[in-house]
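To start, the structure itself, in structure tokens.
All values below come from the heavy atoms of this structure, side chains included, with hydrogens, waters and symmetry mates left out.
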Amino acid sequence: VVDIEKLLKEAEKGISSDNFWKEKITKEAQPFWDACIKHVQEGKSIKPWRVHKILEREYNVSVSDNAIRRYFERLLK
């Protein structure tokens, strides 16, 4: 079922790119995503492009590697 009110709100105000793509992370993909965040916060190297490909291949989640890269960079600030 399409949420018309949500679509109208988006049409009126736009959407935050962070919130938009984070909503795409499914329940099944959440443990992997949480592990990626922890990995980055610990200062360990992680390749956003690989995270993008894994999310797409294993969980059918489509998030650009650039969005992932920007998110990881903000985590380190």
Side-chain angles (χ1 to χ4, degrees):
V1 176
V2 176
D3 184 347
I4 299 298
E5 288 302 316
K6 183 177 178 182
L7 295 176
L8 287 172
K9 183 178 177 184
E10 177 184 339
E12 181 181 309
K13 298 182 180 180
I15 54 175
S16 165
S17 62
D18 274 352
N19 291 334
F20 174 73
W21 71 262
K22 283 192 285 187
E23 289 177 2
K24 291 183 167 186
I25 303 294
T26 62
K27 290 179 191 176
E28 294 80 17
Q30 193 65 51
F32 172 67
W33 180 246
D34 291 342
C36 289
I37 291 172
K38 183 177 179 192
H39 200 78
V40 169
Q41 288 173 329
E42 291 172 351
K44 297 176 183 172
S45 176
I46 197 164
K47 293 179 175 24
W49 186 79
R50 294 305 320 156
V51 173
H52 154 77
K53 295 308 274 181
I54 292 168
L55 285 170
E56 193 172 64
R57 181 186 69 227
E58 299 296 327
Y59 303 104
N60 200 28
V61 172
S62 180
V63 177
S64 77
D65 59 321
N66 285 327
I68 294 169
R69 180 178 296 106
R70 285 190 304 269
Y71 183 78
F72 287 166
E73 287 170 353
R74 281 188 287 247
L75 283 177
L76 296 175
K77 290 183 180 182

Study note, to complete from the structure: Separation between CG (N66) and NE2 (H52), nearest 0.5 Å, reads 9.5 Å
Check your understanding: Roughly how far apart are S64 OG and R70 CZ, rounded to 0.5 Å?
Key -> 5.5 Å
Revision key, fill the gap. Rounded to the nearest 0.5 angstrom, the CG-CD1 distance for L75 and I46 is 10.5 Å
Exercise for review: Say whether, by atom type as modelled, one donor and one acceptor occur between the side chain of K24 and the main chain of V63 under 3.5 angstrom.
Suggested key: no
Check your understanding: Nearest 0.5 Å, what's the CD-CG distance between E5 and L7?
Key -> 9.5 Å
Check your understanding: Do you reckon V51 sits in the same ILVMFWY cluster as L76, going by side-chain contacts under 4.5 Å, direct or chained?
Key -> yes
Revision key, fill the gap. Here the gap from R69 atom CZ to D65 atom CG, rounded to the nearest 0.5 Å, amounts to 5.0 Å
Check your understanding: Stepwise, does the side chain to side chain contact (heavy atoms under 4.5 Å, CB included) test hold for I25 with Y59?
Key -> CA-CA 9 Å; I25 303 294; Y59 303 104; over 6 Å; no
Exercise for review: Report the C-alpha separation of K53 and E56 in whole Å, then their side-chain angles, then the decisive distance to 0.1 Å, and conclude whether the salt bridge (charged side-chain N to carboxylate O under 4.0 Å, His left out) test is met.
Suggested key: CA-CA 5 Å; K53 295 308 274 181; E56 193 172 64; 3.4 Å; yes
Review point. Considering residues, nucleotides and ligands other than N60, do more than 12 of their heavy atoms fall under 6.0 Å from its CG?
Key: no
Review point. Can you check whether Y71 reaches I37 side chain to side chain, under 4.5 Å on heavy atoms?
Key: yes
Exercise for review: Tell me, with the steps shown, if K6 and E12 meet salt bridge (charged side-chain N to carboxylate O under 4.0 Å, His left out).
Suggested key: CA-CA 10 Å; K6 183 177 178 182; E12 181 181 309; over 6 Å; no
Point to revise | Proximity of W33 and F72 rings by center, below 6.0 Å | key: yes
Study note, to complete from the structure: Rounded to the nearest 0.5 Å, the CZ atom of F32 sits from the CD1 atom of I54 at a distance of 4.0 Å
